[in-house]
Each structure stands twice: as C-alpha cells, then as structure tokens.
Amino acid sequence: MPDSPQQVTEPVTLFGHWICPYSVRVEFMLAHLDLRYETIEVPPTAARPKGFVVPVEFVANSPKGEIPMIRTDGRYLSDSLPILDFLNPLETPAARDAARWVDTTVFPPMIGVYYGTDATKIQRAADALNNALGELEIRLASADWLAGTEPTMAEAALVPLYVRLDGLRALGFNAVLPRRVHEHAARVLDLPAGRKVQWSAEQTEEFIWRLSTYRERSQRRTGID
Ligand SMILES: N[C@@H](CCC(=O)N[C@@H](CS)C(=O)NCC(=O)O)C(=O)O
C-alpha cells in the first residue's frame, strides 16, 4: 500500500502503443475516467520500425523496458494492473479480483493463440481461450458488467481481447462467443472509451500481418510446414 494517498495529476502521459494489449487497458481507463492524457508512442520491440529511437525518458524510468508506463506529476508507474489501480483508487475488491482473473485466465490463452507457432499449440490455446470465455459467460450471468453496476478496471483489463477478436479469428481462434460474452463485447466497445481504443480495419490487418509473418518465420526456422 502507498504511504500517502496517490493523486492523478493531469495531463497523464502514456508511453504505449495500440498493438500492446496492456497499453490498451490503460488508454481505455484514461478515456473512461475522462482524464486528460497524451500518448508517447513506444512500440513493443517486435513492432518497432527500423531506426526507431526509444525515448530516453522511457528507458530511464521503465524498470523492465515494458509498455505501458505512465507519467503523472513527474512520477512514473509501469505494469497495467497497478496503473489501473492507481488511476482509479475507488475500484472495489470485486473489480480488482475480476481484473486479475482476466489477467491470469483469459490473457495467457489469448496470447497463446496469436503467438502459437504450430497447429497443435494454436488449437490448444484456442480451446483454453474458449474455456475461459465459458467461465466469463458464467461471470456475466446476472449482470451487464463484470463487477457491480458500472464498467470497472475489469472491463479495462478485458477490452484488448474484444478489440482483437477479428485478428484472433484470422489467426486460429475458431469458437463462437457465448451469447452474454458477445453482448458484453458490444457493450464495452460501444462505450466512449471502447470506441477510443477499438481497432480500425487497417490496425486489425497490421496485427494479422505481423503475427502471421512471425508464425511463418518460426515455422521455417523449426522446419514445420
Ligand atoms: N505485466 C505487464 C506486461 C507488459 C508487457 O508485456 N508489455 C510488452 C508489450 S505488449 C513489452 O513492453 N515488452 C517488451 C518489449 O517489447 O521490449 C503489464 O501488465 O503491463
């Protein structure tokens, strides 16, 4: 716990990138809380254009060299869930738990699908993601939102899945979304913050292109065809 109450001073600076699911969480929450913010684009290493110069301020203040990182009032904070917590200290324990559940149960198979390099691994990840969405369906059985009566950091934690669903489908996620999850996705993406982080068709295409190129390269390296 912090020694003194933390305060968000606007504008917040986000070091991040649209393709990074963890950055998308933070941008969603900044927009949802209607905080003034600016973004300094720092693509993940794998998506950096040749010759991209990583801002010195990012290198100097990011403990692991990972996005997202925020600056507010001259202080720096990294790691998406602690950032979400910091941005909205009023989140309930239920919202925190649901966000952590998303992080440990939904994210690993989601990432497994798009970083999967052979058909068996991709299918295994797709099955695990499908199971996680089955659990999500149960969590959404009697409410519109994951924790309480309004969107919370749990929706922020989950929204990267929703923005990349078309991309995931193109990369091997073949299941149909359970009905309530489908409706929840539409509800989240229809929020002003959801519209803010939703991908354009070009972004989805770039995502698919990057990940299929990665897949083809690793298959060539390991001799799988
Ligand atoms: N646990 C971190 C994970 C952040 C993370 O893995 N970020 C990736 C990009 S999506 C990153 O910066 N990787 C280092 C790199 O690309 O050099 C969080 O929740 O924010």
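When a ligand or atom number is given, it counts from 1 through the structure's own listing order. Since we're looking at a predicted model, the values are computed, not measured.
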(message) Is the ring pair Y214/Y115 parallel, tilted or perpendicular, if the boundaries are 30 and 60 degrees?
(response) perpendicular
(message) Within the supplied structure, the quantity of interest is the number of heavy atoms (other residues, nucleotides, ligands) at a distance under 6.0 Å from R48 CZ; does it exceed 12?
(response)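 Enclosed.
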(message) Tell me whether the NZ or CZ atom of R25 lies within the 45° cone about the ring axis of Y162 and under 6.0 Å from its centre.
(response) no
(message) Side chain or backbone, does Y22 bring an N or O within less than 3.5 Å of an N or O on ligand 1?
(response) no
(request) Kindly give the heavy-atom pair with the smallest separation between L81 and M153, and that separation in Å. (result) O-CE, 3.9 Å
Heavy atom of the protein closest to [atom] (residue, atom name, distance):
atom: atom 12 (O) of ligand 1; answer: I67 N, 2.9 Å
atom: atom 13 (N) of ligand 1; answer: E66 CG, 4.0 Å
atom: atom 19 (O) of ligand 1; answer: S80 OG, 2.7 Å
atom: atom 18 (C) of ligand 1; answer: D79 OD1, 3.0 Å

(request) Using a strict 4.0 Å threshold on nitrogen-to-oxygen distance, state whether E57 and R71 make a salt bridge. (result) yes
(request) Would you mind checking if E135 and R139 are paired as a salt bridge, meaning a charged N to carboxylate O distance below 4.0 Å? (result) no
(message) Taking 4.0 angstrom as the limit and counting only heavy atoms of T45, give me the atoms of ligand 1 inside it, by number and element.
(response) 15 (C), 16 (O), 17 (O)
(request) Using a strict cut-off of 4.0 Å, indicate which atoms of ligand 1 neighbour a heavy atom of C20. (result) 9 (C), 10 (S)
